[in-house]
There are 2 protein chains.
Amino acid sequence: MLGRVGDTTDKARTRIVRRATELFRAEGFGAVGVDRISDLAPVSKRTLYQRFPTKDDLIAEYVRTIGDTNYDSMQDAVDDDAPPAERILQAFIWLQNQTTPSGYRGCPIVNAVAELPDATHPARQLALDHKDQVLGFFRDQAASAGAADPDELAEQLIMLFDGASSYSLVRDSRIPPSFLAAAKTLINAQLPPDSQPLK
Amino acid sequence: MLGRVGDTTDKARTRIVRRATELFRAEGFGAVGVDRISDLAPVSKRTLYQRFPTKDDLIAEYVRTIGDTNYDSMQDAVDDDAPPAERILQAFIWLQNQTTPSGYRGCPIVNAVAELPDATHPARQLALDHKDQVLGFFRDQAASAGAADPDELAEQLIMLFDGASSYSLVRDSRIPPSFLAAAKTLINAQLPPDSQPLK
DNA sequence: GAGATATTACACAGATCTGTTTAATTGGCA
DNA sequence: TGCCAATTAAACAGATCTGTGTAATATCTC
């Protein structure tokens with residue numbers, strides 16, 4: 001039967017999204033045509049358009065998927081039993097490892113927003129949702145760690161986080177150790193005086 | 001006479017680059033055709049191709065121009081008589097003001113690298129040159145301020161800097177005050193104990 | 001095995017893209 | 001005025017793009 005809404009066993013759909021993810025991630029939306037995705041899926045173009053009526057629908061699904069995948073991957077790198085400040089650092093180390101040693105193409109969510117000037121594009125909201133999810137994680141950990149202003153610290157951390165992505169993208173090199181040092185400095189500046197600072 | 005190399009009075013060339021800058025900046029390279037640039041310059045397509053044999057040449061010129069323009073604009077916002085740590089903050093305030101109150105499209109240099117997967121594209125080196133210029137500014141100021149490790153601090157600052165751009169891009173909102181607070185925290189953490197900390 | 005459904009290959013429409021060709025026209029300068 | 005280089009408009013080539021129409025083939029269910 002043709003893939004219905006909520007069908008989690010639609011193999012064609014899965015293959016389409018997987019290939020689209022690889023190609024969009026590496027080259028962006030404009031540079032990747034629908035034909036190339038369907039050829040590599042492999043699936044006929046007709047089937048692709050059966051699952052995704054327009055390319056923009058596929059782009060939106062890509063943004064949703066890569067956001068969820070990245071968040072899950074990051075969470076997998078975080079030890080739930082570690083102290084909250086350590087958990088933040090583990091997330092930072094995860095990002096650093098994503099950029100090893102070269103070939104990193106920048107944050108796919110940020111890149112998507114950059115390539116979609118139309119603020120009403122459905123993918124734009126999904127991109128924001130993802131960043132809010134990451135921001136929420138930082139905020140929750142900051143609060144648990146006893147940060148003086150968890151919202152402020154979370155904003156600072158996500159700016160540092162995404163800036164490190166840009167750094168790696170432009171230089172095509174691994175995020176440097178100064179990245180983790182900066183995270184520690186920002187966190188320590190907000191920890192209560194009686195707590196053990198990160199070092 | 002037809003615009004020669006080094007001709008600084010080539011009005012057609014100037015108009016082409018100016019329009020290309022507006023359009024590329026707002027929409028990216030893929031979404032902007034050469035026809036649209038020439039129509040708006042206004043200049044015939046023939047003249048455009050006389051000045052820039054390929055679109056990639058125009059893209060490279062755009063990256064060079066926007067990098068230089070932004071760096072100059074940032075330097076104009078920096079008071080040469082202020083202490084070095086203050087000069088860094090003035091540069092950060094400049095970036096914050098670039099994102100007011102919305103409509104910011106992210107760092108054009110980072111966006112250019114994201115949209116040009118080919119690492120040998122001439123614009124890629126120009127993008128790196130620009131970021132090295134900004135990094136060098138931060139390093140010089142950090143060193144003048146007596147930072148413990150000026151290279152490390154400069155890396156941290158440029159990561160925070162570009163991350164704030166991404167933050168503003170994704171959220172279509174002004175960079176928040178926590179940005180400046182983070183810069184101060186990172187700077188203060190490296191200033192000599194006997195110096196006056198930023199507040 | 002029969003019938004319904006899904007997928008395939010492939011041509012096609014219509015739009016757009018980069019870059020070129022051609023011929024008419026403009027504008028500066030002697 | 002008259003020359004000459006530069007610019008213009010416009011059509012064009014050839015490629016690519018998104019999305020559709022069609023008819024044959026494969027797959028699944030009963």
Side-chain angles (χ1 to χ4, degrees), chain A residues 1-21 23-24 26-63 112 115-118 120-123, chain B residues 1-24 26-63 112 115-118 121-123:
Chain A
M1 152 200 337
L2 191 147
R4 289 172 305 195
V5 175
D7 186 345
T8 57
T9 64
D10 188 335
K11 292 181 185 176
R13 192 178 205 276
T14 302
R15 289 202 306 270
I16 293 164
V17 173
R18 183 145 48 216
R19 284 301 187 175
T21 298
L23 294 172
F24 286 158
E27 303 180 35
F29 308 133
V32 175
V34 168
D35 287 279
R36 221 165 120 215
I37 296 169
S38 69
D39 285 352
L40 289 175
V43 114
S44 71
K45 195 158 62 160
R46 214 75 184 86
T47 296
L48 187 151
Y49 273 101
Q50 179 65 37
R51 302 303 198 283
F52 302 97
T54 70
K55 187 183 181 182
D56 283 330
D57 290 324
L58 181 54
I59 288 173
E61 180 57 31
Y62 156 75
V63 169
E115 202 174 350
L116 299 174
D118 176 8
T120 70
H121 193 293
Chain B
M1 153 197 340
L2 192 147
R4 290 171 303 194
V5 174
D7 186 345
T8 58
T9 64
D10 188 336
K11 293 181 184 175
R13 192 177 206 274
T14 302
R15 289 201 307 270
I16 293 165
V17 173
R18 181 145 52 215
R19 284 300 187 176
T21 298
E22 292 171 15
L23 295 173
F24 285 157
E27 304 179 35
F29 308 133
V32 175
V34 168
D35 288 280
R36 221 164 119 218
I37 295 169
S38 69
D39 285 352
L40 290 176
V43 116
S44 71
K45 195 158 61 158
R46 209 73 190 82
T47 298
L48 187 150
Y49 274 101
Q50 177 65 36
R51 301 305 198 283
F52 302 97
T54 71
K55 188 183 181 182
D56 284 328
D57 290 325
L58 181 54
I59 288 173
E61 181 56 31
Y62 156 75
V63 169
E115 202 174 348
L116 299 174
D118 175 9
H121 193 293

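A note on names: the letters A, B, ... follow the listed sequences, proteins ahead of strands, and every chain is numbered from 1. Please read these numbers as outputs of a predicted model, since none were measured by experiment.
Side-chain atoms of B/L116 and B/D118, non-hydrogen and from C-beta on, never get closer than 4.5 Å to each other. Looking at heavy atoms from C-beta onward, A/E61 lies in side-chain contact with A/R13 at the 4.5 angstrom threshold.
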* **side-chain contact (heavy atoms from CB on, under 4.5 Å) between A/F24 and A/I37, worked out** => CA-CA 9 Å; A/F24 286 158; A/I37 296 169; 3.7 Å; yes
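One atom, CG of A/L48, and another, P of D/dT20, lie 12 Å apart when rounded to the nearest Å. Put simply, CG on A/L58 is 10 Å from P on D/dG19, counting in whole angstrom units. Nucleotide D/dG19 holds its P atom 17 Å from the CZ atom of A/R51, rounded to whole Å. Between A/K11 atom NZ and C/dT7 atom C1' the separation is 15 Å, expressed in whole Å.
Considering all non-hydrogen atoms of both residues, A/Y49 and A/T54 come closest at CE2-CA, 4.3 Å. Of all the heavy atoms in A/A20 and A/Y62, the pair that sits closest is O-CD1, 4.4 Å.
OP1 or OP2 of C/dA6 has not a single side-chain nitrogen or oxygen of A/T47 nearer than 4.0 Å.
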Per-nucleotide protein contact along nucleotides 9-18 of chain C, 5' to 3', at a 4.0 Å heavy-atom cut-off (B base, S sugar-phosphate only, - neither), is B--------B
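Direction change of the helix axis from one end of the helix from C/dG1-D/dC30 to C/dA30-D/dT1 to the other is 20°, with five pairs defining each end axis (rounded to 10°).
Each of A/V43, A/T14, A/I16 was checked for a side chain to side chain contact (heavy atoms under 4.5 Å, CB included) with A/R51, and the lone residue meeting it is A/I16.
Residue pairs meeting the salt bridge (Lys or Arg N to Asp or Glu O under 4.0 Å) criterion with at least one member in residues 30-44 of chain A, sequence neighbours excluded, are A/E27-A/R36, A/D35-A/K45.
A donor-acceptor pair under 3.5 Å is absent between the side-chain atoms of B/E115 and the main chain of B/G28, judged by distance alone.
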